[in-house]
Amino acid sequence: MPTALIVGFGAACELAAQNQEGDRERIDKLTARLYQRLREAHPRLRLFGHERCRVAGNLNIGIPGISAEEVIRNTAQRIAVSSGSACSSA
């Protein structure tokens, strides 16, 4: 491996470690805001998993009466969305 790439990767890891907690808090706030806005638009929205103890940026929801395909079709251009896990999808 080229030395410059190894040194650069090490510097990137140091920056990531320094900013990790602040980044997680920021992403958690954004996720909570998205969830709240979605609940306002769809009061019957279902949250799957724990409300606070989750991977930062991950929001697993269902909207009764609206198919996953419809949600994907209407949101995929603006946010990353899927109807299943990455390991089980094509």
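Small disclaimer: the values here were computed from a predicted structure and weren't measured. FYI, the numbering just counts along the sequence from 1.
Among residues two or more places apart in sequence or in another chain, the side-chain hydrogen bond (donor to acceptor under 3.5 Å, both in side chains) test is passed with D28 by R24. The side chain to side chain contact (heavy atoms under 4.5 Å, CB included) test applied to E40 returns Q36, R37, not counting sequence neighbours.
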Which donor-acceptor pairs under 3.5 Å do the side chains of residues 45-53 make with protein atoms, sequence neighbours left out?
unit_1, atom_1, unit_2, atom_2, d
H50, ND1, R52, N, 3.0
H50, ND1, C53, N, 2.9

Donor-acceptor contacts, no H, no angles, side chain residues 57-76, under 3.5 Å, sequence neighbours left out:
unit_1, atom_1, unit_2, atom_2, d
S67, OG, E70, N, 3.1
N74, ND2, E70, O, 3.1
T75, OG1, V71, O, 2.7

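No single ILVMFWY cluster, assembled from side-chain heavy atoms under 4.5 Å apart, contains both L30 and Y35.
A 6.0 Å sphere centred on CD of E25 holds more than 12 heavy atoms belonging to other residues, nucleotides or ligands.
When hydrophobic side chains of Ile, Leu, Val, Met, Phe, Trp and Tyr are connected at separations under 4.5 Å, I6 ends up clustered with M1. Hydrophobic cluster of I27: no remaining members, since no ILVMFWY side chain lies below 4.5 Å from it.
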